[in-house]
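Note sheet for the following structure.
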Amino acid sequence: MKAAIELDLFTEIGKGSRTAESIASAISASPLNKARGVRILCDFLVMMGFLSKQDEEYSLTIDASLFLDQRSPAYFGGAARFILDPQLMAPYHNLAEIVKTGRTTLPEQGTVSHDNPIWVEFAEAMAPMQFMASQEIAGIVAGEGESNVLDIAAGHGLFGIAIAQKNPLAQVTALDWKNVLEVATANARKLGVADRHASLPGSAFEVEFGGPYDMVLVTNFYHHFDMPTCERLTRKIFAALKPGGRCVTLDFVPNEDRVSPPAAASFAMMMLGSTESGDAYTLKEYEKMFAGAGFESSTAHSLTKSPGTLIVSMKA
């Protein structure tokens with residue numbers, strides 16, 4: 001899959017290169033191998049279910065056409081490149097050691113080490129994947145009227161930006177590392193809300209939030225840390241909210257058995273390999289954490305555009 005994405009193979013097939021020879025020519029493969037490499041890769045992708053084959057011609061499956069052709073607005077190739085980054089994959093070459101020690105073999109705190117440049121790549125790569133989810137979430141929480149929103153670990157910024165698009169009276173402050181915020185700012189300009197989108201550079205655990213806010217977004221962030229660290233952040237969020245304010249959390253939330261649903265439950269393994277103490281937390285664990293910080297209630301929402309769960313926690 002990584003090789004096919006790097007070669008733009010799916011895009012070239014989508015454009016009309018259908019035989020191994022024509023695909024090889026389109027991707028500038030060496031003519032010396034007589035398209036052998038392309039043929040073997042394409043046949044393997046047929047077996048994986050990403051391509052179809054009729055006689056000697058290849059075509060994209062529906063999923064490949066939607067997510068792996070660069071011309072599609074839902075193109076997923078950038079996200080796949082990020083997930084398959086050698087730095088992220090390296091710990092799994094020695095997973096036995098990680099299982100024994102309970103922490104990543106990556107230096108410092110793993111992917112959440114201070115100002116890790118990998119999050120710039122993440123912000124750029126994941127935006128197409130998260131666009132539809134951001135729109136769905138904005139439809140649930142954006143509301144109407146004046147709203148001051150803090151977007152913690154904003155990354156690409158799409159979740160806060162979608163709220164600003166949905167509610168023309170919303171003001172959004174995006175918090176992240178300075179170099180990551182450049183991506184969010186560019187997206188705010190592109191999507192027409194730059195005049196209501198501010199930046200707050202730094203660590204969510206160190207920088208003063210300001211406020212008070214009507215809403216704090218915490219999207220795909222809690223899972224990077226152990227529960228005591230999450231609890232400290234939640235108390236800080238509670239203090240930054242106005243009475244009646246909401247903490248809006250998006251995360252991978254497994255069932256109580258921790259083995260279902262697969263997409264959410266398996267995320268714990270990613271955190272084992274890439275962080276010092278991250279995990280995938282159940283809804284009961286989140287409810288206990290928010291209640292302990294002082295929130296009056298927490299309501300979970302299933303999403304159709306994301307494998308994550310949305311949790312809306314209310315401050316009295």
Side-chain angles (χ1 to χ4, degrees), residues 98-99 101-104 109-112 133 136-137 140-141 143 149-155 159-160 163 175-176 203-209 211-304 306-316:
I98 292 174
V99 170
T101 63
R103 70 175 309 280
T104 183
Q109 296 179 346
T111 55
V112 293
E136 182 179 13
I137 291 169
I140 297 172
V141 303
V149 180
L150 176 65
D151 186 0
I152 290 179
F159 294 105
I163 288 173
L175 190 162
D176 213 315
S203 163
F205 301 100
E206 299 170 2
V207 72
E208 292 295 328
F209 287 166
Y213 296 95
D214 298 282
M215 185 189 312
V216 176
L217 298 175
V218 193
T219 55
N220 297 316
F221 189 61
Y222 278 123
H223 57 236
H224 291 100
F225 310 99
D226 60 23
M227 187 53 72
T229 303
C230 293
E231 290 170 347
R232 288 195 298 273
L233 177 63
T234 305
R235 290 193 293 269
K236 186 177 179 181
I237 291 169
F238 182 86
L241 281 167
K242 296 177 182 178
R246 295 172 292 170
C247 178
V248 177
T249 303
L250 173 66
D251 222 315
F252 295 89
V253 180
N255 294 329
E256 292 302 313
D257 60 13
R258 294 191 183 277
V259 295
S260 63
S266 63
F267 203 77
M269 178 60 75
M270 184 174 290
M271 292 301 95
L272 176 64
S274 63
T275 69
E276 186 176 36
S277 57
D279 209 336
Y281 298 109
T282 67
L283 182 58
K284 283 186 178 180
E285 287 175 308
Y286 276 113
E287 289 173 337
K288 181 180 178 181
M289 179 182 74
F290 286 116
F295 285 90
E296 183 178 40
S297 64
S298 292
T299 303
H301 300 261
S302 298
L303 301 173
T304 61
S306 169
T309 297
L310 189 71
I311 305 172
V312 180
S313 303
M314 300 288 298
K315 179 176 180 177

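- Side-chain contact check for P307 versus F267: every heavy-atom pair is 4.5 Å or farther apart.
- F225 and F205 have perpendicular rings, their planes meeting at more than 60° on a 0 to 90° scale where under 30° would count as parallel.
- The 12-atom threshold is exceeded at CD of E256, counting heavy atoms of other residues, nucleotides or ligands nearer than 6.0 Å.
- Under the 3.5 Å distance criterion, the side-chain polar atoms of K236 are matched with a main-chain donor or acceptor of A204.
- Using a 4.5 Å heavy-atom threshold, the side chains of I311 and D251 count as separate.
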Exercise. Take Y213 and I237 through the test side chain to side chain contact (heavy atoms under 4.5 Å, CB included) and record every step on the way to the result.
Key: CA-CA 9 Å; Y213 296 95; I237 291 169; over 6 Å; no

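- Taking F295 as the reference, F238, F290 meet the ring-ring contact (aromatic ring centres under 6.0 Å, His included) condition, with sequence neighbours excluded.
- Applying the ring-ring contact (aromatic ring centres under 6.0 Å, His included) criterion to Y286, with sequence neighbours excluded, gives Y222.
- The backbone N or O of V259 lies less than 3.5 Å from a partner atom in the side chain of D257, making a donor-acceptor pair.
- Partners of K288 according to the salt bridge (Lys or Arg N to Asp or Glu O under 4.0 Å) rule, which considers only residues two or more places apart in sequence or in another chain, do not exist here.
- Side-chain atoms of R258 come within 3.5 Å of backbone atoms of A280 as a donor-acceptor pair (strictly under, hydrogens ignored).
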Worksheet entry | Candidate pair I137 and I163, rule side chain to side chain contact (heavy atoms under 4.5 Å, CB included), full reasoning | CA-CA 8 Å; I137 291 169; I163 288 173; 5.7 Å; no

